[in-house]
Amino acid sequence: MRIPIIAGNWKMYKDLTESKALAESLKNCLKDVNPEDTEVAICPTFTNLASVNEIIKGSNIKLGAQNMYPKQEGAFTGEISPLMLRSVGCQYVILGHSERRQYFGETDASVNEKVKVAFEYALTPIMCVGETLEHREKGITNSVVKTQVEGGLKDIPKEKAKNIVIAYEPVWAIGTGKVATKEQAQEVHAMIRGVLKNLYDEATANSIRIQYGGSVKPDNVKELMAQPDIDGALVGGAALKADSFEAIVKFKK
Ligand code: 13P
């Protein structure tokens, strides 16, 4: 059985004071969430990870980063290593978000390298895939997403792959208020699971959690989560406020 995973991607929002305040509120309002029932993670900016970790340590909220450089250490000015993420309490790391692909030149090959190294350092990747509006209008959504999934998972053995989280985030739905319909999302999620089955086997495909991301809000999360292949949500805007993130996490209520 796949435990749903709701993660908040805070992107480049919230300074130190604001991040700590949001973490405090979430710790408080999510304390009744059973992690066996719904897993919760928050992903603040690098500079606020350590302070947020101090607040949520020992709670049922896990910590994730938004990116990582795929080396343990070295002369890589401005970069952050997996060991550094581990040392501030991260268990998750978002990799290959469409904003990183769009603005920072990330490719399936660079995402794949990061996925491999994240696993080496016991970080669980949340690997993002998703088509642009142009891809969707051209009718090539499935082939684009399939290429991203296969590229990101290249040479990742099934023992590791079974623990990855994949986030399907249609680029046209991110930050636009235009959510994919539950049917559109389910169709791509099922396609991704089929790709995983081909790459690995049925048991592995069935154990991998696939999140949906793109304008997830308290009022649409329930119908999305009711789809058989949607196992969680990667939330941007609505993760920046405790009440809306709480409502999303508690989608079963
Ligand atoms: P929004 O929820 O703001 O659309 O962002 C989604 C996203 O990119 C999460 O990674």
Side-chain angles (χ1 to χ4, degrees), residues 4-14 18-19 22 26 38-46 48-49 52 61-68 85 90-104 106 108 111 114-115 118 123-133 135-136 141 144-145 148-149 152 164-182 184-185 188-189 192 209-225 227 230-251:
I5 173 165
I6 309 287
N9 174 7
W10 294 5
K11 305 193 179 183
M12 199 175 74
Y13 291 101
K14 306 235 174 253
E18 294 163 337
S19 295
L22 180 55
L26 290 173
T38 304
E39 206 177 318
V40 184
I42 53 177
C43 308
T45 55
F46 286 135
N48 300 327
L49 285 168
V52 167
I61 304 175
K62 293 176 179 162
L63 191 66
Q66 299 174 19
N67 184 30
M68 178 202 90
L85 297 182
C90 287
Q91 295 181 47
Y92 286 97
V93 59
I94 298 172
L95 297 175
H97 190 281
S98 63
E99 287 147 17
R100 296 216 53 88
R101 294 177 190 255
Q102 188 179 347
Y103 305 125
F104 303 100
E106 297 213 7
D108 292 339
V111 173
K114 290 181 179 190
V115 168
L123 287 162
T124 300
I126 298 179
M127 184 180 86
C128 303
V129 298
E131 82 287 3
T132 62
L133 185 59
H135 294 141
R136 183 159 280 271
T141 295
V144 166
V145 174
Q148 291 171 337
V149 171
I164 201 169
V165 176
I166 294 178
Y168 167 60
E169 301 202 303
V171 178
W172 49 270
I174 294 177
T176 57
K178 258 197 235 166
V179 65
T181 64
K182 57 186 192 305
Q184 283 173 323
V188 180
H189 281 235
I192 292 172
R209 292 177 294 177
I210 309 175
Q211 295 175 311
Y212 169 81
S215 298
V216 174
K217 302 279 182 276
D219 63 1
N220 58 29
V221 64
K222 205 173 176 136
E223 60 174 26
L224 288 162
M225 291 302 294
Q227 302 306 306
I230 300 185
D231 311 311
L234 185 55
V235 186
L240 298 174
K241 282 194 178 147
D243 56 353
S244 52
F245 192 62
E246 178 189 10
I248 291 171
V249 168
K250 297 180 180 172
F251 68 93

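Sequential numbering from 1 along the given sequence is applied to the chain's residues. Just follow the structure's listing: the first ligand is 1, and inside any ligand the first atom is 1. Every value quoted in this text rests on a predicted model; they were computed, and no experiment measured them.
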> To check your reading of the model: name the closest protein heavy atom to atom 2 (O) of ligand 1, its residue, and the distance in Å.
G236 N, 2.9 Å
> Does I174 reach ligand 1 with a nitrogen or oxygen that is under 3.5 Å from one of the ligand's nitrogen or oxygen atoms?
no
> Nearest to atom 6 (C) of ligand 1 by heavy atom, K217, E169, E99: which?
E169
> For T141, check side-chain contact (heavy atoms from CB on, under 4.5 Å) against everything at least two apart and list the hits.
E131, R136, V145, Y168, V188
> Taking atom CD1 of I126 and atom CD of Q66, what is their separation to the nearest 0.5 Å?
10.5 Å
> Does ligand 1 have an atom under 4.0 Å from some heavy atom of G175?
yes
> For ligand 1, is any non-hydrogen atom under 4.0 Å from A167's backbone (N, CA, C, O), its side chain (CB onward), both, or neither?
neither
> Could an N or O of ligand 1 be found under 3.5 Å from any N or O of K11, whether backbone or side chain?
yes
> Once you round to the nearest 0.5 Å, how far does CG of L63 lie from SG of C90?
4.0 Å
> Is the closest N or O pair between L234 and ligand 1 shorter than 3.5 Å?
no
> Quick one: pull up SG in C128 and CD in Q148 and give me the separation to the nearest 0.5 Å.
10.0 Å
> Which atoms of ligand 1 are found less than 4.0 Å from any heavy atom of N9?
9 (C), 10 (O)
> Please compare G214, G213, G237 and report which has the shortest non-hydrogen distance to atom 3 (O) of ligand 1.
G237
> State whether a side-chain donor-acceptor pair under 3.5 Å links E169 with H97.
yes
> Under 3.5 Å, side chain of N220 to main-chain N/O of S215, donor-acceptor pair present?
yes
